[in-house]
Each structure stands twice: as structure tokens, then as C-alpha cells.
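Just so it is clear, the values below take in all heavy atoms, side chains as well, and ignore hydrogens, waters and symmetry mates. If you're wondering where the values come from, they're calculated on a predicted model, not measured in any experiment.
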Amino acid sequence: MAHKAFDDRFRTLIEEHEPVRQLGTGFTFTEGPLWHPVEQSLIFSDMPADVRRRYVPGSGVMEILKPSNKGNGMTYDADLNLIVCEHATSSVARFRPDGTREVLASHFEGRELNSPNDVVVRRDGAIFFTDPTYGRMEHFGVPRPTQMGFQGVYMLPPGHRPGDEAVLVSDRYMFTQPNGLCFSPCERWIWVNDTEQANIRMFDVGEDGQLTNARIFASGITEPLRAGVPDGMKADRDGNVFVTAPGGVWVYDFHGLKLGEIAVPELAANLHWGDSDWGTLYVCATTSLYSVRTKTTGKAEGFMTPKAAPAPAAAPAATAAASTGDLQLAGSVNRIDPARAALILQDLQNDVMIDGGAFAATGSPDHARAQNVVANAKRLVEAARARGVMVIHVWMVCEEGHPYLAQHAPLFQGLKGENALVRGTWGVAPAAGLEPAPGDLVVEKMSMSAWETSRLESYLHHGGRDTIINCGAWTNMSVEHTARTGADKGFRMVVPHDACSTMNADWHRASINYAMQNVAAVTTTDTVLAALG
């Protein structure tokens, strides 16, 4: 499915044949995609289903909140508090990292808001949101009479106290159904679209937040033969505007000239840039979540470079995982010669670190997500294959019934007791996205260390490799034991800590800061990639 360029500048934003990938499907109506810069994952709303979901690259989509008050548009503030427009409660709510929910605003002039829909945060902390009536309709919300009598744009000023009324910043009767909104990169201007009027307006933004000098930026965003309406909208770093529309996403320059169209297989509702380089555009489209790589990135938001990495809510493992600022890491690594290096992907198997696996109750899936292990390991694998680094998958594999597996240590007792890592089962398979490719090597073991019961050392010596990039699960067990023995055998050991995970951040930190400091160069995936050249 080719995208359409109406202006040559469109090709500087995206390749015309860049694939649009389906990341998950089977949902009811997806909305509100939002990328977390620390957890490196995307959350989105499934509004009619009353569910909030998370997409983790390499791991797929999971449910994280139900009911969700039929949440729609979402954003983060500079402290990575989640700001959500809730259709069912007619509220703008804030969710702190510990999971605490508080209503920021639900009324204006003593009457309930219609149903806050989309939301943005200005650099000074002011929160702007639209308030159409969709959340009081069947399917998208909870059917009930409106109280306002108009649909507008509101602001919660800096220093707003939870529960205080919102401030109306638009004309009361300008909009029919105001929906998506986004600031220009300098935040002197804001765009607001109207779904029913099928247009986008541009406004000047005063210091007091009032929207003035309204003018039509783009109109006629509708077609009789193609589904799609103005809904979600984002500006890129150069002030180009990306808006959902018939056929997918339409792209306008700063002056309202249409540059092209990004084709999406389903009716698109909202969009957001993400990934570690902010170069992937995620699109929520009816029953599915899609992604497409772009040559541009989104407008810089305050949450993209958070003041600190706060502890996420829910699982204890995830809470600890975010506190990684005290890790003792090597800031740089001497050049790694690809012809003399091997990448070990150790125990990155479903039973070890994926939801539903034999050891999921340990917290390992949460820590793997917090570390973004699958995505970082995948980056290393792709770079290694491209540069001629030997790629070795090291797997723990047991036979059915675990015959003759001695029960002298808790590790082996756990393997047998949980019936884990049995040949031919889902649990023994590699995590999705980390499957071997032609040319990769696979080593099976029945020991914590990769050395003791495998062909690892033979492969390394025969291939002339003396440097090992050592990643996998779990950090304080397989990864650490392999690093210690590797150093004893004379190998240069390099451990990218964010391509490793274990049961929780405390175990990870102890292994990184103490056990491996004298046997390996402990660093990050980005640093290893730079060292490979």
C-alpha cells in the first residue's frame, strides 16, 4: 500500500513505500496512543471496550487497566504523570506513577463537562483539552444528557488544584465537535480540529492560555468514498501537521498546504511518535494498532526528557526497575572488532521472562519490560548480523520429565517443579522477535553458565572470537556466571545491562554494581552499538 505525495517535501518526511505494520488487532476501537520514554512501551485506549492496553516491542499487547472509565486521549506531564480524558466520568484525570488517580477537572460554571476527548500539556505545565459530546453517546461512552450546551476548548493553568473548574479558552459556539489538538514546536500557536465541520483551525496562544485570531488552516477533510475524519492530530519537529483523515493520515505543512497522505488499512483515529529515537509513528486505527517509520519526529514534549525516571505503578518489580540512575556503568567502550566478537543471547526464552511462562510469578516479565530487553537485544542482533559478529543463541533445554536432572540446588528444583523449559514446548522457545536467523548458531545447555555443558567455547575458538557481548536473562544468574567464567578463560566480556533482566531491579543492580564490575565492561546497548561502529 503506497503512500501519496502531493509535494516533494512529503518524501523528506516518509518514504512513499514505507511499510505500515500491524502490531495488534482484535480490539473494539483504539485511541490515544502514547509512548513512555523510560519504559520504552506504548499505551493506548480501547474506548468502547473500557480497557487500557500496553504494547511492548517484541512482546506484544497486554491489558493493563479495566475498567478505564472509557478513557480516550492521553498524554504525560513533565513528571511522567499520566493525564487521561475520561468519557464515562466527563473528567480529566491524573494517574501518578504509584497508580493513584485524582480528578483534575470535571466541571465548568457548575455544570459537568461534556466528555473531555484529547489533551496536550504546554511546557509551563498548563493542560489544554477539547470537550465534544462523543462520550455521552452509545458505544463511545455512557449515554446521558449534556449539561453544557456548547462544545469548547479548556485549560487547566499551571498550579491548577485538583477539583478546581477548568478555564474556557475558546469561543463558546465556534466548534461543533472539537477533537484533536496540538501545539506548534514553539507553542506560540495551536491547531484544533473539528470532526463534524471536517476542518482544522489555527490560533494564537496568549500567555494566559486564551486562543485568539482564529483562522481556517485546512478544510474539506472528508470524502464520500473513503472512511476517515479529522480526529487525532500531532505536529512534528518542524511544524508539519499530521491528522487522521480519509484513507489514513494527511500531512500538511505549517501554512496548511497538503503535502501527502500516509495510507493506513483501517479508519485511523489517533497517532503518536515513539521508540528510542522517536522515529516511529504509531497509529490507532479502529480494531488495530499500526506503526510506520518516518524521517521526522514529533514536536518535543516535556515528558520526552523527564526530570527523573519515576517508579511505575503496580508490580514491585517494575517499581524497582525504573530506579537505575545509581548503576555503575562504563560511559564508553573501546572499539569492538566485529570479526573477533560474538553476541550471546542467553535464556531469552518464554518460560524465563514472558507473561504466562513458568517463572512469571517471580516478576521477571515486569522487569524484562522495564528493561526493554527484547527490543534492545533485537537491536544488538540486527547490528551484529549486519557487521559480521557471530550470533549465538544459548538456551536451557530439558527433556520431558527432566530425567536425571539432579535436585541438589534450588535452580534445578525450580526447573523440575515448574515443569519448565521442556523441549518442544512454548516455554522453551525464544521470545517473539528473537528467533534465530540463517547463519546464527544455537547452543543448548543444562547449567546456569553458558560454558559448562555446551559447545560455546568450541564455536568461539574455531571462529577466532575473543570478545563476547553477553546479554540475556537472568542478570544475576546466567549472565553473571557466564561473564565470570568468560573472564577466567581470557575473553573480553562486555555486558549491555539494558539487554539483560532478572526478577527485579534490586537483583539486577546488585549484579551490575558488584558482581560484574571486575570481570566485564558493563554498559548500555547504545554504547555497544557505537563501539561496533
Side-chain angles (χ1 to χ4, degrees), residues 15 17-24 40 55-60 275-277 279-280 291-293 336-354 357 368-369 371-397 421 423-445 450-451 454-473 478-479 482 486 491 494-496 498-501 524-526 528-533:
E15 295 286 350
H17 296 278
E18 187 67 32
V20 176
R21 306 182 188 280
Q22 187 184 70
L23 306 177
Q40 291 292 293
Y55 165 73
V56 180
S59 298
D275 284 359
S276 58
D277 62 354
T280 297
S291 72
V292 59
R293 290 290 295 177
I336 298 173
D337 182 354
R340 298 173 60 183
L343 171 66
I344 293 179
L345 304 165
Q346 187 162 196
D347 297 356
L348 294 173
Q349 297 164 266
N350 291 328
D351 267 349
V352 179
M353 39 90 73
I354 298 297
R369 280 189 288 271
Q371 289 286 98
N372 205 24
V373 164
V374 172
N376 286 328
K378 190 173 181 180
R379 292 168 61 206
L380 289 168
V381 170
E382 291 171 351
R385 290 171 182 152
R387 291 164 173 78
V389 175
M390 180 186 287
V391 177
I392 305 177
H393 303 259
V394 178
W395 297 336
M396 175 79 81
V397 180
L421 297 168
R423 187 184 301 280
T425 65
W426 170 85
V428 82
L434 296 179
E435 298 84 357
D440 291 0
L441 299 170
V442 176
V443 165
E444 294 182 0
K445 64 172 185 174
W451 301 97
S454 77
R455 295 181 293 177
L456 175 62
E457 193 164 3
S458 295
Y459 279 143
L460 294 169
H461 283 314
H462 294 176
R465 311 290 163 147
D466 60 9
T467 298
I468 297 173
I469 304 167
N470 180 30
C471 64
S478 299
V479 176
T482 298
F491 289 88
V494 179
V495 177
D498 51 356
C500 305
S501 66
T524 65
T525 295
D526 287 338
V528 171
L529 293 174
L532 282 169

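With values rounded to the nearest 0.5 angstrom, S291 atom OG is found 7.5 Å from D275 atom CG. Between the CG atom of L343 and the CG atom of L532 there is a distance of 9.0 Å, given to the nearest 0.5 Å. Rounded to the nearest 0.5 Å, atoms CG (L345) and CG (L434) are 6.5 Å apart. Residue Y459 holds its OH atom at 5.0 Å from CG of L441, rounded to the nearest 0.5 Å. In this structure, the separation between CD1 on I392 and CD1 on I344 is 5.5 Å, given to the nearest 0.5 Å. A distance of 8.5 Å separates CG of N372 from CZ of R379, quoted to the nearest 0.5 Å.
Listed for the S454 side chain is no donor-acceptor partner under 3.5 Å among the backbone atoms of K445. A donor-acceptor distance shorter than 3.5 angstrom exists from the side chain of Q349 to the backbone of M396, with no hydrogens or angles considered. Under the 3.5 Å distance criterion, the side-chain polar atoms of N376 are matched with a main-chain donor or acceptor of Q371. In this structure a side-chain-to-backbone donor-acceptor pair under 3.5 Å is missing from W395 to A429. Proximity of a side-chain donor or acceptor of Q40 to a complementary backbone N or O of S276 within less than 3.5 Å is detected. R340 places no side-chain N or O within 3.5 Å of a backbone atom of R465 that could act as its donor or acceptor partner.
Contact check for R385 versus V391: side-chain heavy atoms found under the 4.5 Å cut-off. Two residues are said to be in side-chain contact when any heavy atoms from C-beta on lie closer than 4.5 Å; V56 and V374 fail this criterion. Residues I354 and S59 have side chains in contact (heavy-atom distance under 4.5 Å, counting atoms from C-beta outward). Residues L380 and P496 are in side-chain contact: their nearest non-hydrogen atoms beyond the backbone lie under 4.5 Å apart. Within the 4.5 Å cutoff, the side chain of V479 has no heavy atoms near those of the C471 side chain. L348 places none of its side-chain heavy atoms less than 4.5 Å from the side chain of P430. Looking at V428 and R423, their side chains never come closer than 4.5 Å, going by heavy atoms from C-beta outward.
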After noting the C-alpha distance and the side-chain angles of R293 and D277, does the key distance pass the salt bridge (charged side-chain N to carboxylate O under 4.0 Å, His left out) rule? CA-CA 11 Å; R293 290 290 295 177; D277 62 354; 2.7 Å; yes
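Here the shortest heavy-atom pairing between T482 and W451 reads O-NE1, 3.0 Å. Counting all heavy atoms, side chain and backbone alike, G427 lies closest to L421 at O-CD2, 3.7 Å. Across V373 and C500, no two heavy atoms sit closer than the pair CG2-O, 3.4 Å. Across M353 and A431, no two heavy atoms sit closer than the pair SD-CB, 4.0 Å. Smallest separation of non-hydrogen atoms from P19 and R21: CG-NH2, 3.5 Å. Across every non-hydrogen atom of R455 and V443, the tightest pair is N-CG1, 4.0 Å.
Of the N and O atoms on the side chains of D347 and S478, at least one donor lies less than 3.5 Å from an acceptor on the other residue.
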